[in-house]
Number of protein chains: 4
Amino acid sequence: MTLNNSQARLFSFVQRIETLLEERKGINEGISDIKTEAKSAGFDNKVIMQMIRERAMSQAEREEWQSLCELYRATLGMLDGTPMSDNARRHMSRDEKDDREAGVDDMFDPTPEPEPAASPAEARGQGAEAFRSGKRVTENPFPAGDPARASWDEGWCSEAGSDGMDIPPEWRRSPKKAEKGDEA
Amino acid sequence: MTLNNSQARLFSFVQRIETLLEERKGINEGISDIKTEAKSAGFDNKVIMQMIRERAMSQAEREEWQSLCELYRATLGMLDGTPMSDNARRHMSRDEKDDREAGVDDMFDPTPEPEPAASPAEARGQGAEAFRSGKRVTENPFPAGDPARASWDEGWCSEAGSDGMDIPPEWRRSPKKAEKGDEA
Amino acid sequence: MTLNNSQARLFSFVQRIETLLEERKGINEGISDIKTEAKSAGFDNKVIMQMIRERAMSQAEREEWQSLCELYRATLGMLDGTPMSDNARRHMSRDEKDDREAGVDDMFDPTPEPEPAASPAEARGQGAEAFRSGKRVTENPFPAGDPARASWDEGWCSEAGSDGMDIPPEWRRSPKKAEKGDEA
Amino acid sequence: MTLNNSQARLFSFVQRIETLLEERKGINEGISDIKTEAKSAGFDNKVIMQMIRERAMSQAEREEWQSLCELYRATLGMLDGTPMSDNARRHMSRDEKDDREAGVDDMFDPTPEPEPAASPAEARGQGAEAFRSGKRVTENPFPAGDPARASWDEGWCSEAGSDGMDIPPEWRRSPKKAEKGDEA
DNA sequence: CGTGACTCTTTAGAGC
DNA sequence: GCTCTAAAGAGTCACG
């Protein structure tokens, strides 16, 4: 019997798809089983799935995504006391690298002079003023753990977004490269 | 090294899920390939997927679904010239089976008397009148191929849905049984 | 204050989207409410949604979709006793319209000669034979209500799909027209 | 005319749903328009949607979610140079609040003694050692901007997850409270 | 081809 | 502990 007829071919297509759908169903059940096990071990499956999503990105993609989120968060005043990460600061300063050697290198000053305590509002004002003075976001003077650090960030970003300039290039996302095998 | 620690267990869960997700991705690509092949062979993938869905139902479920669709279509005047199927007629008469032996058996009369030609509007009126006379939907006098057959159905169903009665039981879907291995 | 700055524009976009999402949420709740009401009135919401989908199609699209489903069903032997509709027969014969005036017109013969009773297997064989004799699917001799009618269809379609021909054109879906305002 | 009949009620349900679907379609188009506008203004819509999602959470939910993500990230060695946030440290120390007054208050020491420069590997080892010494994650000695800060976190978290203990309570998500109007 | 929307399946949460 | 409901995710389809 030749396969070259409509009926047999249709049957073939239908059955091959059904087989694969069946296998997929089995895999989905396997995933559910693992999640059940993880849950009863005390893990949070939603967070686990988020980790899996992040592991699927290249490190560069991951950093860019998180940097943009932090930038937008700071601009919208949603930092909630969490200062921006160094990666985000670096990301925001990447276009100035020709000016100074820049970003990450001089971002860490091992012996900062102690900054006097500042209220959130004061720190916000200082951040805004720092932007107006041409300072970069990497120059936030407050150390980790200081609640003023996040406020300064919000002030700086808010001011950076307020002075009538167009969207600066670091707000834009890098176009995806051809990403050859970076899923490892 | 004992597996009984949070870090190793977390890693394990993450990797097991990732493996399965990877397999699932492969299967999805296989399905897509088959669809591409079917499409270029001239088949309509949407219809193929519909067939697969229907093959996954038991025959009873399939018939009930189609009967309900036809019933609603007739009531909404959307038959477009397609008379209801015998299955749907039978489905709609299932609650009267105690009255008469019923439905399918006497639905087919091999020697019907010829019905004089009727316009759609006339046939619709006759269907409505038939309902009022207590006739069942299985008693549509027009033969297959007669355009009046669908119109009679619409008239009957419309009248059946119009006389202030509550929703009759055959409009309701049968509750799903525990369905033990009925996917054959 | 000028709106021409990043921060204010970002806020604006965010809030406008949030407003619309909020409205959409309200609408979705409205839909859910109606479905709840319909369900408690005894209707089947899945069927209702199907009707809405069909009402959104033009009559021609609707008929083509259903015809293709019936054709595939017949080929796969899934008619379950439901003969194909006249629309589907017409659809399958549309490419022969030049031969004879065609399809619907002569599909209904008000005085068919009575066909002797046939078992499903016999009817199936007769359908296949009819195809081989060059008969069209519109010439199914069994009347509505006769269980043999569907079997004849299955036989005819199965044979039509089995003779090594390529997929006939009526299996293919018509390309969508520009459909200008046909949603009425 | 009484509405108390099947046909009219079905029509009513169908049309009411259709109306709402139509409105929803309009809203979706509005959202698309705004996104198009935002995109051409240089914003990243994906990030905007993420911000909207976060704005819909209460601050407590947002912080817990991000803390758990950071904790898992640290355990899986995915910090990529971004130290954990103070919120996450606080979250992880919340069950020790009875021991010492705790967490946020003493987390910020305005005059830390300068820490000698450390390589990532050294810092990781110091973090692990710190955990074994009973130190809390809030006691990371490296300042913001120091690349060693994140490494110390990874070491600490990794060790915390490795010592055969059961999942500590702070890994678990807080059960959702009845949340009466906390979306502000 | 890539994005968005809609449906449906699965999963998490609440109540008995 | 189990069921039921509501929400989230994945998949598919259509549009630009």
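Hydrogens, waters and symmetry mates are skipped; everything else that's a heavy atom, side chains included, is used. We name chains A, B, ... by the order of the sequence lines, and we start the count at 1 in each one.
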- Sugar-phosphate only, base, or nothing, as touched by C:M49 at under 4.0 Å among non-hydrogen atoms: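 Sugar-phosphate only.
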Nearest whole angstrom, please: distance from the [atom2] of [N] to the [atom1] of [X].
X     : N      : atom1 : atom2 : result
A:L21 : E:dC8  : CG    : C1'   : 14 Å
C:K25 : E:dC6  : NZ    : P     : 16 Å
A:K46 : F:dA10 : NZ    : P     : 12 Å
D:Q50 : F:dA8  : CD    : P     : 13 Å
C:E61 : F:dA14 : CD    : P     : 10 Å
C:W65 : F:dC13 : CH2   : C1'   : 12 Å
B:I48 : F:dC13 : CD1   : P     : 11 Å
A:I27 : F:dG11 : CD1   : P     : 11 Å

- How would you list, by chain and number, every residue that makes a salt bridge (charged side-chain N to carboxylate O under 4.0 Å, His left out) with D:E37, sequence neighbours excluded?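 Result, salt bridge (charged side-chain N to carboxylate O under 4.0 Å, His left out) vs D:E37: C:R16.
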- Message: C:Q59: which residues meet the side chain to side chain contact (heavy atoms under 4.5 Å, CB included) condition with it, sequence neighbours left out?
- Response: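 C:Q59 satisfies side chain to side chain contact (heavy atoms under 4.5 Å, CB included) with B:D80, C:R62, C:E63 only.
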Polar pairs (N or O, both sides) under 3.5 Å between protein and nucleotides 2-5 of chain E?
none

- Can D:Q66 and D:E70 be said to form a side chain to side chain donor-acceptor pair (under 3.5 Å), step by step? CA-CA 6 Å; D:Q66 290 179 350; D:E70 291 179 16; over 6 Å; no
- Quick one: which residue pairs count as a ring-ring contact (aromatic ring centres under 6.0 Å, His included) with a foot in residues 18-55 of chain A, not counting sequence neighbours?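 Found A:F43-B:F13, A:F43-D:W171.
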- Hey, could you give me each pair passing ring-ring contact (aromatic ring centres under 6.0 Å, His included) that has a residue in residues 14-33 of chain A? Not counting sequence neighbours.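 Those involving residues 14-33 of chain A do not exist here.
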- Task: Check side chain to side chain donor-acceptor pair (under 3.5 Å) between A:N45 and all other residues, then give those that pass, not counting sequence neighbours.
- Result: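 With sequence neighbours excluded, A:N45 shows a side chain to side chain donor-acceptor pair (under 3.5 Å) to no residue whatsoever.
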